[in-house]
**Q** 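Have a look at this one before I ask anything.
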Amino acid sequence: MSENQASTYFVGALITSAVGWILLLATDFGGFNGSNYYLGVYMYGGIGAWSGVYGLPILLTAFCLIYCTIISILILRFPEKIPDKKFVQYGFFLAVISFILSIINGIVFAVVAESEGWWWWFDAGFYAGVIGGLLTAILFYLGKKSVNL
């Protein structure tokens, strides 16, 4: 494989991880509506990275993707250092961790919302963590294979 193809994979990993952490920090992870019109109870909201203690796992997912973005920038900036460091492997593992954390956070959110009897939905933050983590992991893996690490 050529060096140009490897840099294409790392640019893709840079884009997917950057979009992932930006959406995780800027949008909600999920929303809920527990309103009852007949009782006059209106309760709705969302959970995101800035939701106090409940947002800490979401922040951890975003920081994993931020680190993947930094690794992609370092690989693209200094391509001669790729065989010396394990940057690509670290980026791959962090992307997998962010994917798994997003899935676990989504399951916990869904279970809690169902146990309360709320209508709930996943928002852009959930999909950014899942899709961003998965695509970044795939692109790091393909980049690692293309430079024979």
Side-chain angles (χ1 to χ4, degrees), residues 1-34 43-116 118-149:
M1 301 282 169
S2 67
E3 184 69 32
N4 191 17
Q5 186 176 6
S7 66
T8 304
Y9 291 136
F10 295 127
V11 168
L14 171 70
I15 292 169
T16 56
S17 61
V19 169
W21 68 261
I22 289 170
L23 285 175
L24 271 169
L25 294 179
T27 62
D28 284 339
F29 187 80
F32 59 89
N33 186 352
M43 181 179 61
Y44 56 90
I47 185 170
W50 311 113
S51 298
V53 176
Y54 305 111
L56 289 178
I58 300 168
L59 278 174
L60 181 63
T61 305
F63 287 137
C64 287
L65 287 175
I66 288 171
Y67 197 69
C68 287
T69 303
I70 293 169
I71 289 173
S72 297
I73 290 171
L74 288 175
I75 289 171
L76 290 170
R77 181 74 175 118
F78 306 108
E80 66 276 354
K81 299 280 187 180
I82 292 175
D84 298 340
K85 302 286 183 174
K86 300 286 185 173
F87 285 139
V88 180
Q89 194 168 9
Y90 294 152
F92 172 75
F93 287 133
L94 283 170
V96 170
I97 288 170
S98 68
F99 172 73
I100 292 171
L101 278 175
S102 293
I103 295 292
I104 291 172
N105 291 339
I107 290 170
V108 169
F109 174 73
V111 166
V112 169
E114 278 295 321
S115 70
E116 294 290 332
W118 298 335
W119 291 347
W120 59 272
W121 58 91
F122 291 127
D123 216 342
F126 171 77
Y127 295 112
V130 171
I131 296 170
L134 182 63
L135 285 178
T136 304
I138 290 170
L139 290 167
F140 271 125
Y141 176 74
L142 291 174
K144 183 171 79 168
K145 277 184 66 174
S146 67
V147 291
N148 297 323
L149 295 179

**Q** Test F32 against every option in W120, W121, W119, W118 by the ring pair (Phe, Tyr, Trp, His ring centres under 6.0 Å) rule and name the one that passes.
**A**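 Among W120, W121, W119, W118, the one that satisfies the ring pair (Phe, Tyr, Trp, His ring centres under 6.0 Å) with F32 is W118.
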**Q** Which atoms form the tightest heavy-atom contact between A137 and A95, and what is the distance?
**A** N-CB, 3.5 Å
**Q** To the closest 0.5 Å, what do you measure between CG (D123) and CZ (F109)?
**A** 9.0 Å
**Q** Calculate, to the nearest 0.5 Å, the distance between atoms OG1 and CD1 belonging to T69 and I15 respectively.
**A**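 With rounding to 0.5 Å, OG1 (T69) is 10.5 Å from CD1 (I15).
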**Q** For the CZ atom of F87 and the CG atom of L94, what is their distance to the nearest 0.5 Å?
**A**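 The CG atom of L94 is 12.0 Å from CZ of F87, to the nearest 0.5 Å.
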**Q** Can you name the closest pair of heavy atoms from A128 and G20 and give their distance?
**A**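 Where A128 meets G20 most closely, the heavy atoms are CB-O, 3.7 Å.
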**Q** Rounded to the nearest 0.5 Å, how far does CZ of F126 lie from CG of L24?
**A**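 Going from CG on L24 over to CZ on F126, the span is 10.5 Å.
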**Q** Just so I know, are the side chains of W50 and L25 near enough to count as touching, which here means a heavy-atom distance under 4.5 Å?
**A**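 The answer is yes, as the side chains (C-beta and beyond) meet within the 4.5 Å cut-off.
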**Q** Grab the two heavy atoms, one from L65 and one from S98, that are nearest each other, plus how far apart they are.
**A**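 Residues L65 and S98, closest heavy atoms: CD2-OG, 3.5 Å.
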**Q** Other residues, nucleotides and ligands only: do more than 12 of their heavy atoms fall within 6.0 Å of OH on Y54?
**A** no
**Q** Does Y67 reach the side chain of S17, with side-chain heavy atoms less than 4.5 Å apart?
**A**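 The answer is no, as the side chains (C-beta and beyond) never meet within the 4.5 Å cut-off.
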**Q** With side chains defined as the heavy atoms from C-beta onward, is the minimum distance between I75 and F140 less than 4.5 Å?
**A**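 When only atoms from C-beta onward are counted, F140 and I75 do touch, with a gap below 4.5 Å.
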**Q** Could you report the tightest heavy-atom contact between F122 and A110, atom names first, then the distance?
**A**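 In terms of heavy atoms, the two residues are closest at CZ-CB, 4.4 Å.
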**Q** With respect to S102, which candidate in L134, I58, V130 satisfies the side-chain contact (heavy atoms from CB on, under 4.5 Å) definition?
**A** V130
**Q** Taking all heavy atoms of P57 and all of N105, pick out the closest pair and write down the distance.
**A**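 So the two residues come closest at CB-OD1, 3.2 Å.
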**Q** What distance do L139 atom CG and F92 atom CZ have between them, rounded to the nearest 0.5 Å?
**A**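 Rounded to the nearest 0.5 Å, the CG-CZ separation comes to 11.5 Å.
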**Q** Output the distance between atom CZ (F63) and atom CD1 (I97), rounded to the nearest 0.5 Å.
**A** 15.0 Å
**Q** Of all heavy-atom pairs between G125 and T27, which one has the smallest distance, and what is that distance?
**A**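 Closest heavy-atom pair between G125 and T27: N-OG1, 3.3 Å.
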**Q** Is any side-chain heavy atom of L60 closer than 4.5 Å to a side-chain heavy atom of L56?
**A** no
**Q** Check whether any side-chain N or O of T136 sits under 3.5 Å from a backbone N or O of G133 as a donor-acceptor pair, and report yes or no.
**A**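 Not confirmed, T136 side chain does not pair with G133 backbone.
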**Q** Flag the pair V88 / F10 as yes when at least one side-chain heavy-atom distance between them is below 4.5 Å, and no otherwise.
**A**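 Result yes, sub-4.5 Å side-chain heavy-atom pair found.
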**Q** Do D28 and I47 make a side-chain contact, defined as non-hydrogen atoms from C-beta onward lying under 4.5 Å apart?
**A**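 Side-chain contact under 4.5 Å: no.
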